[in-house]
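Notes follow the structure.
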Amino acid sequence: MSEQVESLIRKEYAAGFHSAIESDTLAPGLDEDTVRFISAQKQEPEWMLDWRLKAFRAWRDMAEPTWAHVHYPEIDFKSISYYSAPKSMKDRPKSLDEVDPELIATYEKLGIPLHEQAALAGVAMDVVFDSVSVVTTFREKLREVGVIFCPISDAIREYPELVKKYMGSVVPQKDNFYAALNSAVFSDGSFVYIPKGVRCPMELSTYFRINELNTGQFERTLIIADEGSHVSYLEGCTAPMRDENQLHAAVVELVALDDAQIKYSTVQNWYPGDKDGKGGIYNFVTKRGVAHKNARISWTQVETGSAVTWKYPSCILKGDNSVGEFYSVALTNNFQQADTGTKMIHLGKNTRSTIVAKGISAGRSNSAYRGLVRINPTAEGARNYTQCDSLLIGDRCGAHTFPYIETKNASAVIEHEATTSKVSDDQLFLCQQRGLDAEKAVSMIVNGFCREVFKELPMEFAVEAGKLLEVSLEGSVG
Amino acid sequence: MLEIHELVAKVEGKQILNGLNLTIKPGEVHAIMGPNGAGKSTLGNVLTGRAGYEVVSGDVTFNGKNLFELEVEERAREGVFLAFQYPVEIPGVSNMEFLKASVDARRKHLGLPELSSFDFMKLARESSQKVSLDPAFLKRGVNEGFSGGEKKRNEIMQMMLLEPGLCILDETDSGLDIDALQVVAAGVNAMRDNHRSFIVVTHYQRLLDYIVPDYVHVLANGKIVRSGDKELAKELEAKGYSWLEKESV
Amino acid sequence: MSAPTSNSRQSIPAPQSPFQKHALALAAMQNITGTAAGSLLNLRQQGSHEFERATWPGRKVEHWKYTSVQSLISYENASWAGPATLSREFLQQQLIPLQATRLIFVDGVFDPTMSDMMPEGVSLFSQADVEAADIIDNYLGKVAGSVDASRRNLFASLNSAWTQDGLLIHVAHNVILEKPVYLVYVNSPQQSAVTNVRTLLVMEQSANLQLVEHFLSADSSVASHNFVNAMTEIQLGQNAQLHHTRLNLEQESVSHIGAVHINLMRDSAYNGFTVSEGSKLKRLDYQMNHCGQGASLILDGVYLARHDQQVDYHTCIEHRVPHCTSQQVFRGIVGDKAKAVFNGRIHIFEDAQKTLAEMSNRNLLTSNTAEINTKPELEIYADDVKCAHGATISQLDETALYYLMSRGISPAQAHTLLSFGFINELLASQPLEAVNTWLETWLRNRFSEDRSLISDIKPAVGTGGSH
């Protein structure tokens with residue numbers, strides 16, 4: 001990169017503090033007893049334990065996938081603690097007043113006020129701290145319109161029929177190595193049910209935080225949008241700065257029944273490791289949705305965190321006329337690695353999908369787009385449009401594109417385009433000659449590059465995402 | 001306002017400017033002509049601080065300030081403007097956003113308040129009309145997919161918005177048809193006043209029929225080998241540069 | 001799913017398949033003679049060694065994800081294709097009437113009676129003089145060997161293991177061969193026989209050549225069930241220029257695995273054109289390595305597959321040095337129950353700044369039982385590069401159809417014209433007039449004899465994309 005911007009300063013990971021909260025943390029290790037312990041902690045019914053054990057037994061026989069364009073030392077799954085809960089959560093607080101003030105302070109530090117009166121207007125929030133959900137705001141208000149928004153551990157007890165019917169219906173227990181692990185040891189996560197014809201009156205949001213050392217986070221989210229309903233859901237994540245790598249293996253399942261719409265947005269800012277590549281979160285996530293007739297599922301993600309990301313939010317377009325969308329910005333800096341993309345599986349007639357993936361690589365990082373567009377013989381009239389653009393900042397990073405396009409129907413129309421570009425010295429010079437400093441110039445160019453994706457995010461998040469990119473890029477243009 | 005004294009500069013290790021002297025007073029228009037490779041574009045790039053252009057010796061003061069102590073953007077905010085020979089495309093960044101950020105930076109530097117989006121929009125629209133550029137261009141990416149003429153007119157529009165003290169036009173006329181040339185010249189002439197100065201770098205005398213300079217300089221082998229008024233330009237058009245190049249060696 | 005994984009936590013030794021065992025036994029039957037015997041023996045040994053240890057490709061092996069080699073089972077008892085003779089009439093009818101040095105190989109064996117005299121620099125490996133033996137020693141197996149071992153194709157190893165003879169074309173410094181070299185590889189009607197074809201082309205500095213390789217079957221009325229493993233290695237010296245056409249137009253009962261490996265030195269130019277029809281098994285690899293600055297590469301390709309044929313192209317261009325270009329354009333039409341695969345990889349090394357790399361792959365699918373799998377890959381480690389790829393699968397342009405019909409052309413005719421045009425656009429840009437004319441006639445015949453390659457599927461109502 002050019003000399004002119006070499007002197008840009010580096011900011012620390014802003015969410016990197018650790019909170020001094022007393023926790024009950026399970027000793028590291030993984031066997032059937034671990035699974036039984038977690039299930040017992042959650043006071044789960046027998047069927048749930050059986051479901052977990054079935055997943056665990058399958059997982060033991062599975063091999064870690066190695067096809068992704070990422071390199072990291074072997075993970076010792078026995079050295080991780082699979083459960084950690086703040087001590088004060090033993091008797092779940094009935095209201096916010098009973099929540100540990102230190103915990104509330106933690107979230108305020110992160111800019112997430114937990115008190116409903118102070119909360120972001122129109123956003124209901126479920127907050128997951130290590131392995132448990134600590135608070136869900138606006139729960140009652142949502143219930144008035146029939147919307148269920150609660151920790152998944154509550155849902156297992158309170159809405160067993162819904163959970164039984166849908167959990168694992170989109171991502172089966174044995175789907176892949178990490179999904180199987182998650183199915184066995186998942187701790188908490190959010191559960192959403194939108195009844196028929198209901199347009200959810202506010203944005204739903206879950207905020208995930210890993211706090212304890214050596215703890216894996218395995219949350220599980222299940223969103224069911226019944227016929228004709230609408231919901232927009234946001235997810236955010238952070239973790240303290242630590243020299244050790246930590247594992248995060250989540251599963252998200254979306255079910256959009258006939259005519260329903262689900263918009264799922266993620267701003268992922270897990271700790272990415274330091275500038276020498278030490279520490280950071282291993283983010284191995286399985287996200288998938290099934291869209292029934294005329295339904296629409298839209299994934300929007302801004303991925304700036306994690307040391308290693310392995311994530312492919314996907315859509316199974318099962319119903320006729322269903323629509324799948326994937327808008328992604330994946331930014332990697334320093335030694336971060338991301339292998340991310342989507343799968344669009346077209347089964348129904350006239351199904352449509354759009355993929356817009358923007359990868360930004362800086363420092364010595366590597367960012368890969370990996371996508372699958374599959375048109376089955378039944379998907380008469382299917383359409384896909386894919387655009388993958390990579391932006392390179394510096395000459396020691398990598399940008400890669402691995403698109404798989406499989407077509408078995410002659411009436412399908414598929415268009416795939418990919419380009420790469422760099423933030424060029426000429427562009428920077430033009431901006432500077434017009435009076436902008438290099439930092440502002442880079443951020444303008446990067447934001448411009450990401451515009452198509454940002455415009456898909458809910459308003460508050462779009463601004464947040466832009467700022468996050470700026471911070472994540474600092475020091476990269478040297 | 002601008003004093004260039006014994007300027008020596010290198011590009012990629014090769015010396016291009018060999019002790020150039022030039023003094024420009026407020027309100028003056030100086031045309032710089034010369035054969036290809038004489039260092040015409042280098043001058044503009046050195047004055048604005050482009051990376052890769054190394055000042056070996058000599059000094060330049062602009063309104064009393066040593067230009068070489070300032071960063072690229074600081075020189076711009078001081079009021080040094082370069083209309084690029086090859087305007088750069090920045091896909092994804094809208095012209096409007098780019099222009100507002102530049103104008104804000106300049107105004108902030110001058111101690112003026114930022115313009116509201118509404119006022120700025122109005123101003124930008126007016127400027128675009130002055131250079132016969134459809135206001136729709138403001139919404140497009142910076143120079144993205146613009147034709148050559150549109151890019152050059154966009155440069156002049158930026159000049160109008162930024163109201164610089166010194167405008168350097170680097171071969172702005174190259175490749176323009178006569179209509180576009182007239183639009184560009186009209187834009188420049190409208191901005192001429194007692195304070196603002198211009199360096200008009202060109203290869204062709206034709207431009208100087210429309211932008212009438214106070215002085216014409218011939219640059220050859222990295223220094224000014226002859227100065228005169230606009231008649232010199234006509235002489236050059238007729239006789240070429242070779243007779244002057246020989247003199248300068 | 002993807003190619004390079006250093007997380008190689010599973011390295012289970014592959015159990016040898018019956019085909020692998022039999023293939024090695026076939027290699028052991030061959031005798032090697034001549035001045036170059038030493039080099040050949042080394043090559044064969046190395047090839048056998050690699051092939052013996054190679055994992056037999058299944059669906060989980062990335063580069064064979066979409067193409068099964070299951071059908072090679074039928075060669076588990078195969079023998080070397082026996083000698084066969086051709087009729088003069090066949091040559092008249094089937095070959096391209098090209099003013100060229102024509103060299104004919106029947107079932108992999110050179111047929112001197114049917115061939116022209118070999119020009120200077122051209123010889124069989126088995127008849128190499130000392131100078132030729134030197135060149136063979138320097139280059140044979142080395143071009144293919146310059147690929148990272150983890151990416152090496154096991155059939156390239158097999159080809160080396162099976163190399164009993166082959167053809168060397170050596171174009172010396174500043175030599176411009178006025179006459180194109182036309183290599184004809186004919187399959188005779190055989191039951192489950194195997195043939196091996198190995199060609200080495202070495203072009204010295206500023207040499208210039210037009211090379212046509214033509215694979216075909218001797219008799220269209222009798223099926224040939226040959227398995228052909230054909231590999232061409234090309235070393236382009238500084239500033240050398242090659243135009244290379246390779247036609248894979250054998251009967252559909254033939255199984256063909258072919259590869260072209262090219263090293264491009266400084267300022268050299270490779271201009272390639274490949275045409276193929278599907279068959280029982282057809283897999284074609286182009287491995288191209290930019291090794292010197294300023295080199296340029298163009299590769300155009302056309303594939304047609306119908307009935308239950310399949311065709312699989314894998315191209316890989318490695319930009320190892322700065323200031324090189326590569327442009328690839330592939331088009332295919334796939335109908336009936338056929339299956340096509342296009343996997344194009346562009347790999348730009350950290351040092352390869354100022355690279356320009358483009359790739360386009362367009363497909364027409366003409367039936368709902370046909371299948372296309374395309375995977376244009378970019379792997380980029382340098383920032384100052386211009387790279388783009390595009391892939392489409394679609395139908396004929398409706399506006400164009402409408403335009404033709406508005407001029408009174410019948411819908412069927414309009415579809416034929418546009419389908420033909422979709423392919424012919426690429427044929428027309430090739431420099432050898434005789435080859436173009438011949439290919440155009442071939443293409444016309446294909447389109448007139450059955451309509452399975454003519455796209456008459458209408459795009460469903462509605463606009464593309466979801467927005």
Side-chain angles (χ1 to χ4, degrees), chain A residues 1-8 327 329 331 356-360 387-393 417-455 462-463 465-466 469-470 477-478, chain B residues 44-45 47-54 70-110 139-144 151 154-155 157-159 161-164 167-168 170:
Chain A
M1 192 79 235
S2 60
E3 297 166 28
Q4 39 187 337
V5 285
E6 238 165 45
S7 55
L8 295 188
Y327 298 97
V329 167
L331 181 148
V356 177
K358 305 276 181 174
I360 303 162
Q387 186 191 332
C388 299
D389 298 320
S390 310
L391 184 69
L392 293 109
I393 304 176
E417 281 175 55
T419 64
T420 58
S421 54
K422 66 175 223 157
V423 175
S424 76
D425 290 350
D426 285 349
Q427 290 177 337
L428 283 183
F429 178 60
L430 173 67
C431 291
Q432 287 178 288
Q433 213 298 308
R434 299 299 183 253
L436 308 176
D437 56 45
E439 206 168 56
K440 171 79 185 158
V442 169
S443 107
M444 252 174 64
I445 293 167
V446 168
N447 269 292
F449 177 75
C450 301
R451 174 147 308 142
E452 286 158 282
V453 175
F454 286 173
K455 75 173 170 42
V463 177
L469 283 194
E470 263 173 57
V477 271
Chain B
N45 287 324
L47 291 180
T48 50
R50 189 170 202 151
Y53 291 80
E54 187 196 340
L70 301 178
E71 293 298 321
V72 177
E73 65 270 26
E74 290 167 340
R75 297 182 203 192
R77 291 170 193 168
E78 285 290 335
V80 179
F81 180 93
L82 174 69
F84 285 49
Q85 183 178 6
Y86 304 110
V88 184
E89 297 193 13
I90 312 180
V93 175
S94 84
N95 228 349
M96 186 66 100
E97 180 187 5
F98 169 71
L99 291 172
K100 176 138 187 352
S102 317
V103 170
D104 285 348
R106 167 101 164 122
R107 289 180 66 91
K108 193 174 163 202
H109 183 75
L110 295 174
K139 291 188 186 153
R140 289 177 35 187
V142 176
N143 291 323
E144 193 181 356
K151 283 182 183 169
N154 194 17
E155 294 291 290
M157 177 175 77
Q158 292 174 29
M159 188 168 88
L161 284 167
L162 289 169
E163 304 186 328
C167 308
I168 306 164
D170 189 4

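Below, all heavy atoms of this structure are taken into account, side chains as well, without hydrogens, waters or symmetry copies. Below, chains carry the letters A, B, ... as their sequence lines are ordered, and counting in each starts from 1.
- Between the CE atom in A/M444 and the CD atom in B/E97 there is a gap of 5.0 Å [rounded to 0.5 Å].
- Comparing B/L162, B/L82, B/L99, B/V80 by heavy-atom pairs within less than 4.5 Å of chain A, the highest count is held by B/L82.
- The structure places CG of A/L436 at 7.0 Å from CZ of B/R77, a figure rounded to the nearest 0.5 Å.
- Considering all non-hydrogen atoms of both residues, A/L430 and B/F98 come closest at CG-CZ, 4.1 Å.
- Taking B/R50 as the reference, A/D426 meet the salt bridge (charged side-chain N to carboxylate O under 4.0 Å, His left out) condition, with sequence neighbours excluded.
- Interface remark: B/V142 contributes side-chain atoms only to the contact with chain A (heavy atom separation under 4.5 Å).
- Just one residue in the list B/I168, B/T48, B/V88 forms a side-chain contact (heavy atoms from CB on, under 4.5 Å) with A/Q433, and that residue is B/T48.
- In terms of heavy-atom proximity, A/R434 sits nearest to B/A76 at C-CB, 4.0 Å.
- Closest approach of A/Q427 to B/E89, counting heavy atoms only: NE2-O, 3.0 Å.
- Shown here for A/G435 and B/A105, the closest heavy-atom pair between the two residues is O-CB, 3.4 Å.
- For A/K455, the NZ atom counts as densely surrounded, since its 6.0 Å shell holds more than 12 non-hydrogen atoms of other residues, nucleotides or ligands.
- Both the backbone and the side chain of A/C431 come within less than 4.5 Å of a heavy atom of chain B.
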